[in-house]
There are 2 protein chains.
Amino acid sequence: MSILNNAAAVLSCYGAGCTDVTVTEVSERLGLPKASSSRLLRAMREAGMLETIGGTRRHRPGRMMLDLAAAFRHSSSLISRASEVVVTATRQFGHTGYISLLDGREVTAVADFEGTNLLRVVSNIGRRLPAHLSATGRSLLARMSDEEVRRLYDGAPEAKVLLRELARVRSQGFAVSEQESTEGVDGIAVAVGDPSTNEAIALCIVFPHALVGEPERDRMIAALGDGAEEIARSLGDRAFIPPKLENRITT
Amino acid sequence: MSILNNAAAVLSCYGAGCTDVTVTEVSERLGLPKASSSRLLRAMREAGMLETIGGTRRHRPGRMMLDLAAAFRHSSSLISRASEVVVTATRQFGHTGYISLLDGREVTAVADFEGTNLLRVVSNIGRRLPAHLSATGRSLLARMSDEEVRRLYDGAPEAKVLLRELARVRSQGFAVSEQESTEGVDGIAVAVGDPSTNEAIALCIVFPHALVGEPERDRMIAALGDGAEEIARSLGDRAFIPPKLENRITT
DNA sequence: AACTGCGGTTCCATTTTCTGGAACTTTCCG
DNA sequence: CGGAAAGTTCCAGAAAATGGAACCGCAGTT
């Protein structure tokens with residue numbers, strides 16, 4: 001068990017609302033002796049991976065993580081192109097937009113773009129959601145074959161329902177979330193990929209459930225879909241599914 | 001020399017436009033034998049700190065960095081409060097806003113908030129600037145004593161000019177940047193701190209130089225200043241310098 | 001003031017991991 | 001296809017990491 005794995009295990013503690021840790025908490029969560037935890041956190045501090053909050057015992061990720069997250073975002077021309085599309089839609093409609101990607105069975109937001117309407121949506125960056133319970137996740141899963149989805153959700157009770165849901169997403173070319181992950185907030189998502197890097201991302205807009213009617217939703221779907229289609233064409237994404245509003249299935 | 005330090009050195013390669021690295025590049029930049037570099041990158045890959053781009057030889061930061069950057073942002077109530085202020089100002093004025101912090105002699109943006117006006121400013125997150133050459137940097141440095149600034153810039157040729165500049169910032173309570181780091185773009189920044197964590201951040205708005213006149217600049221300064229003052233009051237920041245428009249010194 | 005408990009740090013012998021150079025393998029390009 | 005460049009594996013020795021115990025620092029209680 002290398003120290004690098006221990007360090008990564010410490011870093012994995014962050015998330016799901018955990019913003020800082022102490023020596024004792026690390027010791028308990030990783031099952032390491034106190035002495036090892038103390039030395040590990042110290043070494044990580046000195047390497048810049050962690051920093052203490054105001055000289056207290058509380059350790060948070062070091063500020064180098066800001067640079068690293070940005071480098072991740074900039075490493076992908078797919079993300080850059082999709083960001084342009086979502087920014088434009090965010091400005092056009094005034095609602096908040098996201099770029100998200102899959103990591104195992106979860107989605108995580110890569111970038112967000114604040115809207116101007118009255119709805120202040122908590123930033124999704126750093127917040128992981130089950131893929132099958134979010135529009136972005138479903139739009140991304142819909143790009144996979146049923147066999148691939150079955151393998152990913154092997155043994156999971158939600159697999160059967162999910163496969164039916166994904167058939168629907170494929171038919172429509174977009175995924176919809178209705179107050180699913182946030183009360184009062186709906187979302188629409190369209191996924192697109194880059195075959196040269198074998199990655200895919202979801203473009204998403206979220207908006208207040210009660211204030212946005214179907215005509216505006218259609219316009220947003222079209223805006224995301226047209227932009228994503230342009231990206232798919234220029235990157236050669238043969239798995240792209242263009243949104244077809246006439247195929248919309250209402251619940 | 002521990003493997004953790006080597007890993008951190010690899011992670012430090014990202015930034016200044018570098019979004020991915022190969023084994024050979026790491027070998028050269030860190031002065032390590034190829035064998036060591038290959039094993040190091042592999043161990044970091046397996047730990048999730050790095051990932052390859054589409055199975056190529058190119059390594060970028062792993063997606064865990066997104067979570068870690070978010071945890072950093074959420075670890076500070078100062079950043080959260082300041083973000084509220086900047087979002088409000090961004091919506092009120094339509095210009096892009098930032099939260100930035102100091103790291104040595106550099107500033108780095110923690111969060112950005114896209115405006116709605118026609119100016120599309122490249123995201124500053126992940127882009128480090130010399131603190132003395134940016135409004136956010138100067139507003140943060142102005143909170144330090146001259147002695148502290150001299151120590152930070154010990155031996156640096158720009159120290160003398162900077163100290164004069166900081167006296168000006170202290171007199172005004174805000175810092176201004178006029179087409180300094182980006183052509184055609186001006187910025188104003190106000191710094192505020194949290195004595196309980198001993199950290200400080202700068203609230204900043206950037207806008208097109210040619211399109212924003214002095215009355216609107218004053219209103220933006222007031223918006224940032226009032227918000228920052230509220231934060232300072234509630235966190236007990238005795239080093240806070242409220243903006244005083246009557247003390248403005250024009251170049 | 002002394003004591004106790006909790007969180008964290010240091011010491012040290014032992015164990016484990018990491019290292020560099022060389023040989024080998026894979027990939028890419030002309 | 002061949003050659004060169006990039007990357008990987010092997011192995012003995014060196015270096016780092018480990019766990020348990022002792023120690024330290026701080027805060028609260030008597």
Side-chain angles (χ1 to χ4, degrees), chain A residues 1-14 17-62 64 71 75 77 194-199 235-236, chain B residues 1-14 17-62 71 75 195-199 236:
Chain A
M1 176 56 75
S2 96
I3 190 173
L4 217 41
N5 289 334
N6 284 337
V10 170
L11 295 178
S12 297
C13 293
Y14 299 101
C18 171
T19 60
D20 54 75
V21 294
T22 61
V23 168
T24 302
E25 283 161 8
V26 166
S27 177
E28 284 163 1
R29 292 183 65 162
L30 272 57
L32 294 176
K34 276 200 308 181
S36 300
S37 301
S38 175
R39 281 195 306 264
L40 176 60
L41 293 198
R42 180 187 187 139
M44 292 176 74
R45 247 183 355 252
E46 288 169 357
M49 293 182 180
L50 298 179
E51 63 185 60
T52 54
I53 304 182
T56 67
R57 291 166 166 173
R58 310 213 64 85
H59 293 73
R60 66 185 172 188
M64 73 192 298
S75 70
S77 73
D194 181 353
S196 75
T197 61
N198 200 27
E199 62 187 342
L235 295 180
Chain B
M1 179 54 75
S2 95
I3 190 172
L4 217 40
N5 289 332
N6 284 336
V10 170
L11 295 178
S12 297
C13 292
Y14 298 101
C18 171
T19 60
D20 53 74
V21 293
T22 61
V23 168
T24 302
E25 283 161 9
V26 165
S27 177
E28 284 163 0
R29 290 183 68 161
L30 272 57
L32 294 176
K34 276 201 306 179
S36 300
S37 301
S38 176
R39 281 194 306 266
L40 177 60
L41 292 197
R42 180 187 188 140
M44 292 175 75
R45 247 184 354 252
E46 288 170 358
M49 292 180 180
L50 297 179
E51 63 186 58
T52 55
I53 304 181
T56 67
R57 293 167 163 171
R58 308 214 66 85
H59 292 73
R60 67 183 171 190
S75 70
S196 73
T197 62
N198 200 28
E199 62 187 343

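Hydrogens, waters and symmetry mates are skipped; everything else that's a heavy atom, side chains included, is used. Every chain is numbered from 1 and lettered A, B, ... according to where its sequence line falls, protein lines coming before strand lines.
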Enquirer: Can you tell if the side chain of B:Arg58 reaches within under 4.5 Å of the side chain of B:Val21, non-hydrogen atoms only?
Expert: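 Answer no - side chains too far apart.
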Enquirer: A:Leu30 has an atom CG; how far is it from atom P of D:dT18, in whole Å?
Expert: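 Nearest whole value for this atom pair: 11 Å.
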Enquirer: Round to a whole Å and report the spacing from CG of B:Leu32 to P of D:dA15.
Expert: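 The distance from CG of B:Leu32 to P of D:dA15 comes to 16 Å, rounded to the nearest Å.
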Enquirer: Can you tell me if B:Arg45 has over 12 outside heavy atoms packed within less than 6.0 Å of its CZ?
Expert: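 More than 12 within 6.0 Å, yes.
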Enquirer: For the pair made of CG in B:Leu40 and P in D:dT8, what is the distance, rounded to whole Å?
Expert: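 Rounded to the whole Å, the gap is 12 Å.
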Enquirer: If only side-chain N and O atoms of A:Asn6 are considered, is one of them under 4.0 Å from the OP1 or OP2 phosphate oxygen of D:dT18?
Expert: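 A:Asn6 to D:dT18 OP1/OP2: side-chain N or O found under 4.0 Å.
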Enquirer: Could you tell me how far apart A:Asn5 (CG) and C:dT17 (C1') are, to the nearest whole angstrom?
Expert: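 Atom CG in A:Asn5 sits about 12 Å away from atom C1' in C:dT17.
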Enquirer: Measuring from atom CG of A:Asp20 to atom NE2 of A:His59, what distance do you get when rounded to the nearest 0.5 angstrom?
Expert: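 Reported value, rounded in 0.5 Å steps: 10.0 Å.
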Enquirer: CE of A:Met64 to CG of A:Leu50: how many Å apart, nearest 0.5 Å?
Expert: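 Those atoms lie 10.5 Å apart.
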Enquirer: Taking all non-hydrogen atoms of both residues, which atom of B:Ala7 and which atom of A:Leu4 are closest, and how far apart?
Expert: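 So the minimum-distance heavy-atom pair works out to CB-CD1, 3.6 Å.
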Enquirer: Can you check nucleotides 5-9 of chain C for protein contacts, nitrogen or oxygen pairs under 3.5 Å, and list what you find?
Expert:
from, atom 1, to, atom 2, distance (Å)
C:dG8, OP2, A:Thr24, N, 2.7
C:dG8, OP2, A:Thr24, OG1, 2.4
C:dG8, N7, A:Lys34, NZ, 2.7
C:dG8, O6, A:Lys34, NZ, 3.3
C:dT9, OP2, A:Ser38, OG, 2.4

Enquirer: Would you mind reading off the distance between B:Glu28 atom CD and D:dG7 atom C1', rounded to a whole angstrom?
Expert: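 It works out to 13 Å between those atoms.
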Enquirer: Write down the atom of B:Met49, the atom of A:Ala8, and the distance for their closest heavy-atom approach.
Expert: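 It is CE-N, 4.0 Å.
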Enquirer: What is the minimum heavy-atom distance between A:Ile53 and A:Thr56, and which atoms define it?
Expert: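 Nearest pair, atom of A:Ile53 first, then A:Thr56: O-OG1, 2.7 Å.
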Enquirer: Between atom CD of A:Glu199 and atom CD of B:Glu51, what is the distance when rounded to the nearest 0.5 Å?
Expert: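 A:Glu199 atom CD to B:Glu51 atom CD measures 8.0 Å (nearest 0.5 Å).
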Enquirer: Nearest heavy atom decides the nucleotide; on that basis, is A:Ser36 or A:Leu4 closer to the 5' end of DNA chain C?
Expert: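 The residue closer to the strand's 5' end, by nearest nucleotide, is A:Ser36.
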Enquirer: At 10 degrees resolution, what angle do the end axes of the helix from C:dA1-D:dT30 to C:dG30-D:dC1 form when each is taken over five base pairs?
Expert: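 The helix from C:dA1-D:dT30 to C:dG30-D:dC1 shows an end-to-end axis angle of 50°.
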